[in-house]
Amino acid sequence: MRTALVAGNWKMNGNSASINALMEGLNAELKSNAVDVLVCPPSIYLSQVKALTADSVIALGAQNVSEQNNGAFTGEVSLEMLLDLSCEYVILGHSERRSLYAESDDLVADKFKATVAAGLKPILCVGETLEEREEGNTLAVVERQIKAVVNAAGIEQFTDAVIAYEPVWAIGTGKTATPEQAQEVHAAIRNMIAECDAELASKMRILYGGSVNAANAAELFANEDVDGGLVGGASLKTNDFIAICQAAGA
Ligand code: 13P
């Protein structure tokens with residue numbers, strides 16, 4: 001059995017006061033181990049959220065990391081720094097990083113390898129644009145993005161990894177993939193991993209991301225191969241995120 005994981009990707013949102021309020025609300029309601037819950041604040045607030053998750057079941061993650069160890073890389077954050085702040089997970093290859101910051105499959109693979117080597121768990125994001133879906137290339141795109149990392153890192157490095165399927169057209173648009181669309185791609189991703197290691201594939205968590213909200217979470221998570229969600233906008237709303245976590249634990 002795979003324990004569901006719900007991860008909140010706060011993106012570039014929030015401030016000290018809003019984060020205190022959000023975490024107070026989440027800590028008050030999320031106490032069960034039926035579902036793994038993760039929050040990924042902007043890196044400048046990781047230290048604050050570390051303190052707020054000290055007595056909590058909620059885990060801490062980062063939204064991105066440098067593939068370099070340390071040194072003259074102005075503006076970057078290292079894996080050592082994330083470990084220092086008790087981060088457990090790192091989101092890698094988010095479509096916003098790929099499209100707005102030109103992160104290539106190769107760079108994502110380098111970050112993945114560095115993350116595993118440091119002992120953190122990568123959440124590898126993959127997903128197609130609307131154009132790619134309409135051209136019938138969804139599975140080819142997702143396979144290219146996954147194979148780039150599998151080939152560079154080796155399948156054994158996926159033991160603690162999570163894959164997040166985030167169709168680009170569903171991110172921040174209010175347009176969610178239907179449960180059938182999500183299940184189709186999730187099953188295909190699990191098959192891609194199973195071709196390399198069937199046991200690992202059966203244990204790997206594959207999250208859905210893209211306009212997950214309190215109203216649609218249950219029907220998305222009801223699918224056999226959907227093991228939780230990577231949630232953007234709704235993860236900033238206390239009650240909505242709690243409802244999504246409860247849907248995943250049900
Ligand atoms: P939204 O939930 O706001 O669509 O964002 C999804 C996402 O990009 C999570 O990483």
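For ligands, and for the atoms within them, numbers begin at 1 and follow the listed sequence.
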For the residue pair [X] and [Y], confirm or rule out a side-chain donor-acceptor distance under 3.5 Å.
X	Y	value
Trp169	Glu128	yes
Glu132	Thr129	yes
Thr176	Asn216	yes

*Ala170 touching ligand 1 at heavy-atom level, < 4.0 angstrom*: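 Yes; Ala170 lies near enough to ligand 1 that a heavy-atom distance drops under 4.0 Å.
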*Residue-ligand contact Gly209/ligand 1, heavy atom below 4.0 Å*: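 So Gly209 does not count as touching ligand 1.
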*Donor-acceptor contact below 3.5 Å, side chain Asn137 vs main chain Arg133*: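 No.
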_Arg2 side-chain N/O to Val226 backbone N/O, donor-acceptor pair under 3.5 Å_ =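 No, the answer is negative, given that no donor and acceptor are paired below the 3.5 Å cut-off.
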*Within-cut-off N or O pair, Glu166 and ligand 1, under 3.5 Å*: yes
_Does any N or O of ligand 1 fall below 3.5 Å from an N or O anywhere on Ile171, backbone included?_
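Min N/O separation from ligand 1 is not below 3.5 Å for Ile171.
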Atoms of ligand 1, numbered as shown, that sit under 4.0 Å from any heavy atom of [X]:
X	answer
Ser211	1 (P), 2 (O), 4 (O)
Gly210	4 (O), 6 (C)
Gly233	1 (P), 2 (O), 3 (O)
His94	7 (C), 8 (O), 9 (C), 10 (O)
Gly172	1 (P), 3 (O), 4 (O)

*ligand 1-proximal atoms of Leu230, by part, heavy-atom distance under 4.0 Å*: both
_Looking only at the aromatic ring of each residue, does the gap between the centers of Phe158 and Phe112 stay below 6.0 angstrom?_
yes
*Which protein non-hydrogen atom lies closest to atom 2 (O) of ligand 1, naming both residue and atom, and how far is it?*
Gly232 N, 2.9 Å
*Can you pull out the closest protein heavy atom to atom 5 (O) of ligand 1? Residue, atom name and distance to 0.1 Å, please.*
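Ranked first by proximity to atom 5 (O) of ligand 1 is Lys11 NZ, 3.2 Å.
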*asked:* Using a strict threshold of under 4.0 Å (side-chain N to carboxylate O), is an ion pair present between Asp225 and Arg190?
replied: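 Salt bridge flag = yes for Asp225 with Arg190.
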*asked:* Using the rule that Ile, Leu, Val, Met, Phe, Trp and Tyr join whenever any side-chain heavy atoms are under 4.5 Å apart, tell me whether Leu207 and Val149 fall into a single cluster.
replied: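 Leu207 and Val149: separate clusters.
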